[in-house]
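Worksheet: one structure, shown below.
Here is the naming used below: chain letters follow the sequence lines, and residue numbers restart at 1 for every chain.
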There are 2 protein chains.
Amino acid sequence: MEDGTSQALGYCTGTEDDQVRQWDTRADCEVRHILDRVADKWSLLVIALLDRRAMRFSELRRAIDGVSQRMLTVTLRHLERDGIVSRTVYPVIPPRVDYELTPLGVSLHEVIKSLVTWTEEHQQQIAAAHAAYDSRAAAERELVSPLHG
Amino acid sequence: MEDGTSQALGYCTGTEDDQVRQWDTRADCEVRHILDRVADKWSLLVIALLDRRAMRFSELRRAIDGVSQRMLTVTLRHLERDGIVSRTVYPVIPPRVDYELTPLGVSLHEVIKSLVTWTEEHQQQIAAAHAAYDSRAAAERELVSPLHG
DNA sequence: CAGAATCCGGCGAGATACTG
DNA sequence: CAGTATCTCGCCGGATTCTG
């Protein structure tokens with residue numbers, strides 16, 4: 001079994017008055033771990049989907065489109081280990097496994113949504129910044145090799 | 001020049017009433033992009049540091065400890081392109097380049113801090129979930145190969 | 001000092017095949 | 001259906017070297 005958290009980095013903060021501390025002690029810091037989970041390629045999708053209702057494995061697989069069965073399993077295991085989703089196995093044939101958000105998961109999703117909201121509110125500015133940066137970079141390149149046809 | 005955003009995935013939401021939509025149209029979605037930026041291994045550190053004051057390249061390099069010069073450059077370029085940090089070059093010898101958070105960057109940091117705060121408030125629960133999961137997994141393995149010595 | 005360019009190793013992730 | 005196991009490949013990121 002692989003572990004995606006091994007290369008975790010220490011972003012350790014206290015409260016607002018004690019921001020950036022202990023950059024070197026990276027072992028005991030949970031922030032990076034949760035961030036990895038949140039930013040995970042598929043975690044976010046899973047959390048958003050499960051926020052609406054509990055879903056079966058194959059339901060998630062179909063809903064997410066593009067996720068491999070392996071990565072969905074790995075993602076769900078991680079989320080389960082972090083206490084964000086719960087896994088319920090029904091001993092029937094064919095097997096049935098339901099996944100749903102725990103209260104902790106719901107709580108996390110609230111915070112995530114604020115980040116999503118922020119992005120939506122600022123994506124104009126970001127797009128503008130991209131355009132500005134790219135044109136600047138293009139102008140820069142012009143100076144180096146001016147073929148300005 | 002490399003681009004870490006090419007494999008972006010579409011986590012597209014509208015407002016609260018229009019949560020999970022268009023999982024397949026992944027091109028026009030900015031959320032994933034920002035998330036990649038936020039979750040980036042070093043971005044967070046840079047943002048947190050620059051929130052206090054403007055800093056030079058080598059200052060950041062020393063402050064962050066563990067970052068390679070290449071990755072710091074790449075990180076800063078990404079953040080600059082997204083309009084999160086600004087880059088100021090002083091045409092002196094030796095060269096001096098200052099980086100600082102833009103208003104957009106400050107705004108983003110506010111949101112990030114809420115995520116950090118959430119993590120701090122719940123890391124007990126997360127740790128408990130880890131312990132529970134691991135012991136369950138261990139018990140599971142016991143059933144398969146019971147060598148219970 | 002601040003960076004660009006190049007090389008290269010490790011692992012994250014997809015595809016495939018097998019199981020209960 | 002809901003996984004696990006194995007193999008492989010791409011590219012992310014560190015180290016190194018070279019400039020202005």
If we only count heavy atoms from C-beta on, is the [X] to [Y] side-chain gap below 4.5 Å?
X	Y	value
I84(A)	I126(B)	no
V116(A)	E120(A)	yes
H78(B)	S43(B)	no
H130(B)	D82(A)	yes

(request) For V67(A) and for R62(B), find the nucleotide of DNA chain C with the closest heavy atom, then tell me which residue's nucleotide is more 5'. (result) R62(B)

(message) Taking any heavy-atom pair under 4.0 Å as a contact, classify R56(B): base, sugar-phosphate, or nothing.
(response) sugar-phosphate

(message) Need one value for Y99(A): base, sugar-phosphate or nothing, where a base atom within 4.0 Å counts as base even if backbone is also close, heavy atoms only.
(response)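 Sugar-phosphate only.
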
(request) Mind listing the closest non-hydrogen atom pair of Y99(A) and L50(A) along with its distance? (result) O-CD2, 3.4 Å

Using whole Å, what does the distance between atom [atom2] of nucleotide [N] and atom [atom1] of [X] come to?
X	N	atom1	atom2	value
Y90(B)	dG3(C)	OH	P	13 Å
H78(A)	dA13(C)	NE2	P	9 Å
L72(B)	dA15(D)	CG	C1'	15 Å
R70(B)	dG3(C)	CZ	P	15 Å
I93(A)	dG20(C)	CD1	C1'	8 Å
K41(B)	dG10(C)	NZ	C1'	12 Å
R77(B)	dG13(D)	CZ	C1'	17 Å
D98(A)	dG3(D)	CG	P	10 Å

(request) Can you figure out which of dG13(D), dG3(C), dG14(C) approaches the side chain of Q69(B) most closely? (result)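 Selected nucleotide (nearest to the side chain): dG3(C).
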
(message) Among dT6(D), dC1(D), dG3(C), which nucleotide has an atom closest to any side-chain atom of S58(A)?
(response)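 Nucleotide nearest to S58(A)'s side chain: dC1(D).
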
(request) Identify, between P95(A) and T73(A), the residue whose nearest nucleotide on DNA chain D lies closer to the 5' end. (result)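 Comparing both residues, the 5'-ward one is P95(A).
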
(message) Side-chain N or O of R61(A) versus OP1/OP2 of dG3(D): is the shortest distance under 4.0 Å?
(response)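 False: R61(A) side-chain N/O out of range (4.0 Å or more) of dG3(D) OP1/OP2.
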
